[in-house]
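These notes concern the structure reproduced below.
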Amino acid sequence: MDLLIKNGTLVTAKSTFKADLAVKNGKITAIGTNLKPEKGTEVVDARGKLVLPGAIDGHTHLAMPFGGTISSDDYFTGTRSAACGGTTTVFDFVLQGQGELMQDAFKRRDKLAAPDAAVDYAFHIGVCDVTEDRLLDSMEDVVKEGVTSFKVFMVYDFGVDDGSFYKVLQKAAKIGGLVGVHAENRDVNNVLVAQYLKEGKTDAWWHYMAKNEKIEGEADVRAINLARMAGTSLYIVHLACKQGVDAVTKARDEGYPIFAETCPQYLNFTNEVYKRERARDYVCSPPMKGKESQDAIWEAIKRGDIATIATDHCPFTRAEKDWGIKTKDGKKGNFTTIPNGCAGIENMYPYILSEANKGRISFNRAVELCATNPSKLFGLDDQKGALEVGLDADIVLYDRKKNVTIRNKDLHGATDHTIWEGAKIKGYPVATYSRGKLVYKDGQFVGEKGYGKLVRCKTLKFKNPQL
Ligand code: URP
Ligand code: ZN
Ligand code: ZN
């Protein structure tokens, strides 16, 4: 045995118990009481600490070309930051180019990620072009590479129409893929944008208004209907509105395999942020919604109708966010010239665990949302996402008594600000192990660039809402 974590309190999605945990060659090899170290075993005393599976962030955009620039964390700084927040696997989006086969898109991005990643990573394909059969059929080739989840965008200029979305759903059902969707009504959003700009309504509040609750809710309902028509499952990413929550709950109650992800920013902030002085820093899609939606999302988390929490980490610098005032070409800016997205990769697990520590949800539910369910949904449960013998030793030691006020200067990403500045976090990860290797300890990154490995996922089939 290489590592023995002794005397900790293990937290899984289902139970909490005191035990020792042994690791060899990057895998969990034993869980039990009074495990004895072998000669040369490193022994870590976790007395008084929680021992958790590392989080799996199912939604990141590292080094992603978007909004006229590239998101400011690359595969090294993004995964370094992930490690320091207790996240040991990230699922990043590969945006398929027009006319590009999906396996080519995957290989193109893997070349970037492989030399840089500090923790393990996997990909979803952002499907942008299925206008030719060979492009649609390439979903099958990329599934053979272990990339088994896809995302379609119902919004943005690179998004797809309902017909293409439907074809992707049908294809995924056939080949064992899961389709995720960014649900916002593009046509109505475009109409509202044009109207607001004509009326001189240019600040970040109007980003929210042009993508308000109904814009998202209508698309959530339509996406669920399309999945039902295609007879397959659906994963709604970054769910942020009550109408969407209600539609997901109803479909699940009727037995349909509809799953939803939400993000910490929708749980902690409301649309009030778009009235702040630097409202542009909070511009992301979907935008934060009103309190009614926030409450509905928390209730759905407690009920079990939200399956996962992920970050949608897509950071931009302050100077780029300022393009909402003056564009990079020196013209007058507006809410449409602000790159969409916020940083969060280092804050997800600490924030959700902090809410658990305050008693809002159980630690078991926090683990389920951030680690175990993403591993099941994306086909990794034979490798990651739980504290079980035979799985990767992706482990976080958590101190319930360590309180942290988030400061961007203490985070490990590359961007120059965070929407989480000043947030008070009750309890904090104090160590992260990735496949048994210590990558973070007491506020410091101690891992290595390039250590992270590509994780290949199983094919997927969900027949009902239970995972
Ligand atoms: O604002 C966001 N979320 N930017 C990243 C792209 C997306 O829609 O997920
Ligand atoms: Zn999205
Ligand atoms: Zn996203």
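Below, each value reflects all heavy atoms present in this structure, side chains not excepted, and no hydrogens, waters or symmetry copies. Order of appearance sets the numbers: ligands from 1, and atoms from 1 within every ligand. Not measured: the values here are computed from a predicted model.
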Quiz prompt | the Zn ion (ligand 2) reached by His59 (N, O or S, under 2.8 Å) | solution = no
Quiz item: Taking 2.8 Å as the cut-off, does an N/O/S atom of Lys151 lie below it from the Zn ion (ligand 2)?
Solution: yes
Quiz item: Does an N or O anywhere in Phe153 fall below 3.5 Å from an N or O of ligand 1?
Solution: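 By distance alone, the answer is no.
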Exercise. Classify the contact between Cys314 and ligand 1 as side chain, backbone, both or neither, using a heavy-atom distance cut-off of under 4.0 Å.
Key: side chain
Practice problem: For side-chain contact (heavy atoms from CB on, under 4.5 Å), just list the numbers for Val248 and Asp220, CA-CA rounded to whole Å, side-chain angles, deciding distance to a tenth of an Å, and then say yes or no. | Solution: CA-CA 8 Å; Val248 167; Asp220 288 325; over 6 Å; no
Just jot down the ligand 1 atoms closer than 4.0 angstrom to any heavy atom of [X], in number order.
X      : result
Cys284 : 1 (O)
His59  : 9 (O)
Asn340 : 1 (O), 2 (C), 4 (N)
His182 : 7 (C), 8 (O)
His238 : 8 (O), 9 (O)

Practice problem: Give a yes or no on whether the ring-centroid distance for Phe66 and Tyr156 is below 6.0 angstrom. | Solution: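 Centroid distance Phe66-Tyr156: below 6.0 Å, so yes.
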Quiz item: Quick check, are the ring centers of Phe378 and His124 under 6.0 angstrom apart?
Solution: yes
[atom]: the protein heavy-atom neighbour that sits closest, reported with distance to 0.1 Å:
atom                   : result
atom 1 (O) of ligand 1 : Ser285 N, 2.8 Å
atom 7 (C) of ligand 1 : Tyr156 OH, 3.5 Å
atom 3 (N) of ligand 1 : Asp312 OD2, 2.6 Å

Quiz item: Which option out of His61, His207, Lys211 puts a heavy atom nearest to atom 5 (C) of ligand 1?
Solution: His61
Practice problem: Report the name of the N/O/S atom of His182 located nearest to the Zn ion (ligand 2). | Solution: ND1
Quiz prompt | Atom name, His238 (N, O or S, nearest to the Zn ion (ligand 2)) | solution =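 When I compare the N, O and S atoms of His238, NE2 is nearest to the Zn ion (ligand 2).
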Exercise. Restricting to N/O/S, name the atom of Asp312 that gets closest to the Zn ion (ligand 3).
Key: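 Atom name returned: OD1.
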Quiz item: Is the closest side-chain donor-acceptor distance between Ser354 and Asn357 under 3.5 Å?
Solution: no
Exercise. Using distance alone, with no hydrogens and no angle criterion, decide if His417 and Asn408 have a side-chain donor and acceptor under 3.5 Å apart.
Key: no
Practice problem: Determine, using heavy atoms of Phe66 and all atoms of ligand 1, whether some pair is separated by less than 4.0 Å. | Solution: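 It does, in that a heavy atom of Phe66 comes within the 4.0 Å cut-off of ligand 1.
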Quiz prompt | Non-hydrogen atom of Lys151 closer than 4.0 Å to ligand 1 | solution =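 Right, Lys151 reaches ligand 1.
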Exercise. Please test Lys453 against Asp120 for salt bridge (charged side-chain N to carboxylate O under 4.0 Å, His left out), starting from the C-alpha separation and ending with a verdict.
Key: CA-CA 5 Å; Lys453 276 199 199 148; Asp120 292 349; over 6 Å; no
Exercise. Let me know which of His59, His182, His313 forms a ring-ring contact (aromatic ring centres under 6.0 Å, His included) with Phe93.
Key: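 Considering His59, His182, His313, a ring-ring contact (aromatic ring centres under 6.0 Å, His included) with Phe93 is found only for His59.
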Practice problem: Can you measure from OG (Ser285) to NE2 (His238) and round to the nearest 0.5 angstrom? | Solution: 7.5 Å
Quiz item: Parallel, tilted or perpendicular: which fits the ring planes of Phe123 and Phe106, with parallel below 30° and perpendicular above 60°?
Solution: perpendicular
Quiz item: With a 4.5 Å limit on heavy-atom distance, are the side chains of Glu261 and Thr311 in contact?
Solution: no
Exercise. Please assess Ile309 against Tyr351 for the test side-chain contact (heavy atoms from CB on, under 4.5 Å), listing each intermediate value before the final yes or no.
Key: CA-CA 11 Å; Ile309 293 179; Tyr351 169 71; over 6 Å; no
